[in-house]
Visitor: 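Let me begin by handing over the structure; questions about it come next.
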Amino acid sequence: MRMVDLIKKKRDGGELSKEEIYFIINGFTRGDIPDYQMSAFAMAVYYQGMTRAERVHLTMAMAESGEQVDLSAVEGIKVDKHSTGGVGDTTTLVLAPLVASLGVPVAKMSGRGLGHTGGTIDKLESVPGFRVEVDRERFVELVNKNKVAVVSQSGNLTPADKKFYSLRDVTATVDSIPLIASSIMSKKIAAGADVIVLDVKTGSGAFMKDLESARELARAMVEIGTEVGRKTMAVISDMSQPLGFAVGNALEVKEAIDTLKGEGPEDLYELCLILGSHMVYLANKAESPAEAREKLKESVKTGRAVETFKRFLAAQGGDASVVDEPSKLPAAKYVINVEAEQDGVVSSIMAENIGTAAMLLGAGRAAKDAGIDLAVGLVLQKKIGDAVKKGEPLVTIHSNREDVEDVVKLIRSSYTISSGSVKKPTLIYDEIQVLGG
Ligand code: URA
Ligand code: CA
């Protein structure tokens, strides 16, 4: 087999066999296939797409390129969730303990944030003492004991994807649906869960800006998961504005605690109930998603959800007293309001810019190995559809630097205030399942 022939075959619209796709991925991972050929291949896929069978082979070739986590020692049906990334998306922090409180095992590996999107691992590190580095044996032990553990990705998971993604990043081939779907699913499959619930975001703060491409990505991922025997479904949710109010690490932990107590933002709670109800249902702990939803609400009401969160924090070395005393979380030196300059109704918020504003304060990383400030971030006081009067706060800045003129400017330019009434955006656009799932 020669790589040049396979590039040509894809370029001309042919379908690659399983053997050919494994040849490409294994050769590239080993270093036998050079970057220039792999770049040409990525561009051919960008223009020609991939069939359903090709996507499955690509996903599995990447999933099998490194370690595959063996969760067989965890009792029960293991569930995982994945979000395609957004601004102030606090769902994992809420969902992991919430779903676990019903006895569903959540064995979650998470990443750190990059750019305008935050990472669950960073957020958890704002709880004093919390350890994210946990070896495999202990990870399984924790899940068996508490039904939940969230640890940082370690070991040699999907090296093929890591290498290919870096190459796509510099060859303008990231935004190809078959490549994105295979990339995400290879990581989820290697991480070992039986059930995968995907939260595909759409809107100004999302990777997929429009609904049709979000739907297409969701369908592609659900097809792959189902085909390889994982129960997979996707929810398409709104990211035309940040989720909840808080954007920033410790601020989002506080927001997650509020939500687990039933006192959080409505949109965040609702999305967690929807995603959680599918996780619980697919793990066979309820007869229907509707029944699962009632059980989840009950768990919040009785305090079982927040107790599970405390146990989870303590089990990984974290100070669980932050749940009752959030003032123990890192706090910023300066708290500054950005006030509205006119009366009206908020008609749009550029979510990505809000994420960037939080990053400028130090809440996110501009580069991969940059440090972050866990205390800083933003709290939205007004969201789309809210009426506002001149001088009222739109956003509260939590900062460790006194001069925040750049951040204020960016926030002001992200908000559009109009006259007349504005409808609140739909939170959930669609749910995607495929036959056999
Ligand atoms: N996120 C991923 O993990 N992979 C992609 O290809 C794009 C976004
Ligand atoms: Ca939030």
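Worth knowing before you read on, the calculation uses all heavy atoms, side chains too, and leaves out hydrogens, waters and symmetry mates. Order of listing sets the numbers, starting from 1, for every ligand and every atom in it.
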Visitor: Are more than 12 heavy atoms from other residues, nucleotides or ligands located less than 6.0 Å from atom CD of Glu266?
Guide: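 Incorrect, the count does not exceed 12.
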Visitor: Could you count the protein N, O or S atoms found under 3.0 Å away from the Ca ion (ligand 2)?
Guide: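 Number of qualifying protein atoms: 5.
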Visitor: Would you say Lys108's side chain and Lys81's backbone share a donor-acceptor pair under 3.5 angstrom?
Guide: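 It does hold such a pair.
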Visitor: Taking ring-ring contact (aromatic ring centres under 6.0 Å, His included) as the definition, give me every residue that meets it alongside Phe130, ordered by chain and number, with sequence neighbours left out.
Guide: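 Partners of Phe130 by the ring-ring contact (aromatic ring centres under 6.0 Å, His included) criterion, ordered by chain and then number, come out as Phe312.
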Visitor: Between the side chains of Thr90 and Glu255, is a donor N or O closer than 3.5 angstrom to an acceptor N or O?
Guide: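 Their side chains do contain a donor-acceptor pair, which is all the 3.5 Å distance test asks for.
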Visitor: Return the protein residues near ligand 1 (heavy atom under 4.0 Å from any of its atoms), ordered by chain and residue number.
Guide: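 For ligand 1, the contacting residues are Tyr165, Arg168, Ile180, Ser183, Ile184, Lys187, Phe207.
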Visitor: Going by atom type alone, with no hydrogens or angles, which donor-acceptor pairs under 3.5 Å involve a side-chain atom of residues 31-44 and a protein atom two or more places apart or on another chain?
Guide:
{"unit_1": "Asp32", "atom_1": "OD2", "unit_2": "Arg30", "atom_2": "NE", "d": "2.8"}
{"unit_1": "Asp32", "atom_1": "OD2", "unit_2": "Arg30", "atom_2": "NH2", "d": "3.2"}
{"unit_1": "Ser39", "atom_1": "OG", "unit_2": "Asp35", "atom_2": "O", "d": "2.6"}

Visitor: Going from CE on Met185 to CE on Met221, what distance comes out if it is rounded to the nearest 0.5 angstrom?
Guide: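 Rounded to the nearest 0.5 Å, the CE-CE separation comes out at 7.5 Å.
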Visitor: Establish, from distance only, whether the side-chain atoms of Ser126 and Asn249 form a donor-acceptor pair under 3.5 Å.
Guide: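 Distance-only check fails for Ser126 and Asn249.
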Visitor: Flag the pair Arg365 / Asp122 as yes when at least one side-chain heavy-atom distance between them is below 4.5 Å, and no otherwise.
Guide: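 Of all side-chain heavy-atom pairs linking Asp122 with Arg365, at least one is under 4.5 Å.
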Visitor: Nearest 0.5 Å, please: how far is CE in Met233 from CG in Asp199?
Guide: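 Atom-to-atom, Asp199:CG and Met233:CE are 10.0 Å apart.
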